[in-house]
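To start, the structure itself, in structure tokens.
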Amino acid sequence: MSPDTLANPYTIVDQVALITGAGGAIGGAVARVFARSGGAKVALADLAGNPRHHELAEQLRAEGFEALVERVVTELGPVDVLVNNAGIADNTPFWETAFEDWRRGLTVHLDGTYLLTRHVIESMRERGSGNIVTMSSIAAQQGALTGDAAYSAAKAGQQGFTKTLAQTLGPSGIRANCIAPGVVDTPLLHSVHDEESLGRILQRVPMRSLIDPENIATTALYLASPGSAHVTGQTIDVGGMVMR
Ligand SMILES: NC(=O)c1ccc[n+]([C@@H]2O[C@H](COP(=O)([O-])OP(=O)(O)OC[C@H]3O[C@@H](n4cnc5c(N)ncnc54)[C@H](O)[C@@H]3O)[C@@H](O)[C@H]2O)c1
């Protein structure tokens with residue numbers, strides 16, 4: 001490791017990071033943490049109907065960081081770090097889940113992860129470096145407490161996908177890892193659990209509190225930075241297991 005990297009191993013200076021679902025709680029926190037800790041250039045992707053990533057891009061620009069919502073390669077350069085973070089959640093139990101809702105869960109999390117990764121991977125291979133961080137979930141190992149089976153199946157699929165990327169792309173200098181957040185204090189969490197249900201869940205969480213989105217973002221920064229240079233094919237649980 002070079003002396004510069006050793007002095008500050010957890011920065012991603014001058015790297016172009018593409019973050020999906022950046023209008024959301026965790027994606028927005030990742031963009032802010034990446035931009036503020038060493039000046040990554042961040043490209044924010046979300047659904048066209050969600051304006052919050054535009055507002056975040058304006059805020060980061062006002063702070064002097066490079067941020068944009070589209071036109072990544074032409075304006076910021078090829079993607080160095082891809083954060084597959086876009087997601088949806090549902091609290092319909094499996095026995096009431098329509099096939100189209102099952103498909104939607106798989107499409108957003110699994111197809112989305114495939115498509116974005118496929119989009120950036122050739123350029124990463126040509127340059128001999130790249131980093132893919134995918135936002136999985138503790139639901140992959142534990143099942144979704146909401147009963148959303150498509151969610152847990154897709155989140156487990158992301159982890160298998162990531163292991164294959166790590167094994168096959170490591171020789172090209174590309175790393176791939178997942179984060180498996182537990183219960184993060186976001187609108188998505190509150191949309192599927194009421195206060196009573198959250199109280200019960202927190203009794204099974206070692207730290208007994210909801211996780212700040214920024215704590216997920218700093219884990220993404222760790223995985224994206226040279227300080228984790230030999231960490232690949234892993235899933236980092238943040239929040240501890242929800243003990244049964
Ligand atoms: N909140 C939690 O407790 C929790 C726990 C474990 C994992 N996660 C995962 O973290 C990620 C972010 O979740 P969050 O809590 O910030 O939710 P959020 O709803 O705040 O953000 C998700 C964002 O993804 C966007 N999105 C949805 N479908 C999209 C698509 N097809 N293309 C582009 N953007 C799309 C939404 O518009 C939204 O802005 C998700 O993958 C979620 O499954 C969240």
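Counting begins at 1 with the first residue of the sequence. Both ligands and their constituent atoms are indexed starting at 1 by order of listing.
In this structure, the side chain of Ser228 engages the main chain of Leu223 through a donor-acceptor pair within 3.5 Å. In terms of modelled atom types and a separation under 3.5 Å, the side chain of Thr146 and the main chain of Val192 share no donor-acceptor contact.
Of the options Leu44, Val184, Asp148, the smallest heavy-atom separation from atom 2 (C) of ligand 1 is shown by Val184. By heavy-atom distance, the residue among Val30, Thr20, Ile26, Thr107 lying nearest atom 14 (P) of ligand 1 is Ile26.
The Thr186 neighbourhood of ligand 1 comprises atoms 1 (N), 2 (C), 15 (O), with distances under 4.0 Å to a heavy atom of that residue. Close approach to Val108 involves these atoms of ligand 1, each under 4.0 Å from a residue heavy atom: 28 (N). Taking every non-hydrogen atom of Gly21 and a distance limit under 4.0 Å, the qualifying atoms of ligand 1 come out as 23 (C), 24 (O), 25 (C). Atoms of ligand 1 lying under 4.0 Å from any heavy atom of Tyr151, numbered from 1 in the order shown and given with element: 6 (C), 7 (C), 8 (N), 9 (C), 42 (C), 43 (O). If you number the atoms of ligand 1 from 1 as listed, the ones under 4.0 Å from a heavy atom of Ser136 come out as 7 (C). Counting atoms of ligand 1 from 1 in the listed order, those under 4.0 Å from a heavy atom of Gly182 are 3 (O), 5 (C), 6 (C).
Ala22 does not count as a contact of ligand 1, since none of its heavy atoms falls under 4.0 Å from the ligand. The closest approach between a heavy atom of Lys155 and any atom of ligand 1 is below 4.0 Å.
Nearest protein heavy-atom contact of atom 19 (O) of ligand 1 is Leu188 CD1, 3.6 Å. Scanning all protein heavy atoms for the shortest distance to atom 12 (C) of ligand 1 gives Asn85 OD1, 3.2 Å. Atom 39 (O) of ligand 1 has Asp46 OD2, 2.6 Å as its closest protein atom, hydrogens excluded (heavy atom only). Distance from atom 10 (O) of ligand 1 to its nearest protein heavy atom, with residue and atom name: Met135 CG, 3.3 Å. Of the protein's heavy atoms, Leu47 CD2, 3.3 Å lies nearest to atom 30 (C) of ligand 1. Looking only at protein heavy atoms, the nearest one to atom 27 (C) of ligand 1 is Gly87 O, 3.5 Å. Of the protein's non-hydrogen atoms, the one nearest atom 20 (O) of ligand 1 is Ala25 N, 2.9 Å. In terms of protein heavy atoms, atom 21 (O) of ligand 1 is closest to Gly24 CA, 3.3 Å.
Using cut-offs of 30° and 60° on the angle between ring planes, the pair Tyr10 and Tyr222 is tilted.
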Note to self: Could you go through Glu58 and Arg61, starting from their C-alpha distance and side-chain angles, then the distance that decides it, and tell me whether this counts as salt bridge (Lys or Arg N to Asp or Glu O under 4.0 Å)?
What the structure shows: CA-CA 5 Å; Glu58 283 312 314; Arg61 274 190 215 111; 2.4 Å; yes
Next item on the list: Check the pair Leu210 / Leu202 against side-chain contact (heavy atoms from CB on, under 4.5 Å), numbers first and verdict last.
Entry: CA-CA 7 Å; Leu210 297 178; Leu202 286 181; 4.0 Å; yes
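Hydrophobic cluster membership is shared by Val72 and Val120, with clusters built from Ile, Leu, Val, Met, Phe, Trp and Tyr side chains linked at under 4.5 angstrom.
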